[in-house]
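Data first, discussion second: the structure below is written as structure tokens.
As the structure is a prediction and not an experimental result, all values here were calculated from the model. Atoms within each ligand, like the ligands themselves, are counted from 1 in listed order.
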Amino acid sequence: MTTTVIGVDLGGTKILSRLVDPITGAASGRAKTATPSTGIDGVIEAIAGTVDTLDPDGEVAAVGVGVPGPVRDGVVLRCPNIAGWDRPVELRARLAERLGRAAVVANDVNAGAAAEHRLGAGRGVDDLLAVFVGTGVGGGLVLDGALRDGPRGLAGEFGHLTVVPDGRPCGCGGRGHLEAYAGKAGIVAEARRRHAESPNALIEMVQDGSMKSRHLAKAMEQGDETTLELLDEATTALAVGIGSIATVVDLPLVVLGGGIVDKLGEPWVAQIADRLDLGGFGADVVDLAIAHRLDDAGSVGAAVLAADALV
Ligand SMILES: [Zn+2]
């Protein structure tokens with residue numbers, strides 16, 4: 001017998017909730033609303049509203065929520081992308097009380113990693129890191145079959161691994177972190193800096209807007225020199241990081257997903273694989289796999305974690 005649960009993906013701009021079969025990952029129903037900018041109480045009410053829409057009779061036993069910030073024991077430490085969320089909030093307890101059922105709260109990247117581990121590219125592998133390369137670079141660490149938060153919620157924070165001492169500035173305030181080389185925000189910032197000296201196709205396309213993965217792919221296809229250099233640096237940074245982490249933590253598999261991986265696909269992942277020996281014991285110890293791009297992985301991952309709480 002399977003028990004349907006609700007998975008909620010809380011983002012900076014929208015809240016998406018789905019009914020999920022945690023065994024197959026099949027998602028049905030869809031309740032979506034804009035993320036309120038009125039503070040934490042408003043966000044909790046908005047989440048509850050989507051849950052009521054999907055489950056008006058209150059039959060679903062558990063709700064899992066993926067949030068864009070660090071989480072420790074059901075407490076969301078902060079959510080920089082959500083207005084008014086600048087202090088720790090006991091979201092699990094507050095949702096459980098408001099919804100009258102079990103609630104689980106997890107970092108959204110960790111929820112995505114749980115989905116890949118249980119239902120996607122990491123199925124059957126008990127020790128892995130899932131890396132999502134998008135605006136930034138996020139990671140979720142699974143050890144002995146369980147998702148790890150770490151005592152300070154830092155486990156799997158792959159984007160802030162130093163790959164170049166005193167290198168490019170990172171969004172976190174540090175320098176030389178992997179995310180500054182492989183994430184879209186870091187790539188476009190460096191492309192802008194170089195554009196001031198010598199114009200490049202990437203910035204000519206993006207102008208003052210935000211860079212999408214398709215811009216990157218297009219500039220690459222055009223053979224734009226700066227774009228190719230920046231991608232080369234991103235490839236090396238990821239290879240160094242993955243090889244090193246896989247060696248230290250003893251991970252046989254790293255699952256790669258996120259916007260840039262989706263867009264550049266297998267050829268790019270093969271290039272990263274070719275350079276793995278730049279980090280630790282490299283290709284001798286770790287294989288790469290592309291994430292399965294599960295439908296609404298954030299909601300599904302949160303639902304998988306919610307179902308675990310019912311066992
Ligand atoms: Zn950083």
For this session: Can you establish whether the number of heavy atoms outside E229 located under 6.0 Å from its atom CD is more than 12?
Result: yes

For this session: Under 2.8 Å from the Zn ion (ligand 1), which protein N, O or S atoms are there? Could you list them by chain and number?
Result: H160 ND1, C170 SG, C172 SG, H177 ND1

Exercise. Do you reckon L251 sits in the same ILVMFWY cluster as L178, going by side-chain contacts under 4.5 Å, direct or chained?
Worked result: yes

Exercise. Hey, is CD on E97 packed in by over 12 heavy atoms from elsewhere, all under 6.0 Å?
Worked result: no

For this session: Mark yes when over 12 heavy atoms from residues, nucleotides or ligands other than E225 sit less than 6.0 Å from its CD; otherwise mark no.
Result: no

Exercise. Given the rule that I, L, V, M, F, W and Y join up when any side-chain heavy atoms are under 4.5 Å apart, are I245 and L128 in one cluster?
Worked result: no

Exercise. Does CZ in R78 sit with more than 12 non-hydrogen atoms of other residues, nucleotides or ligands closer than 6.0 Å?
Worked result: no

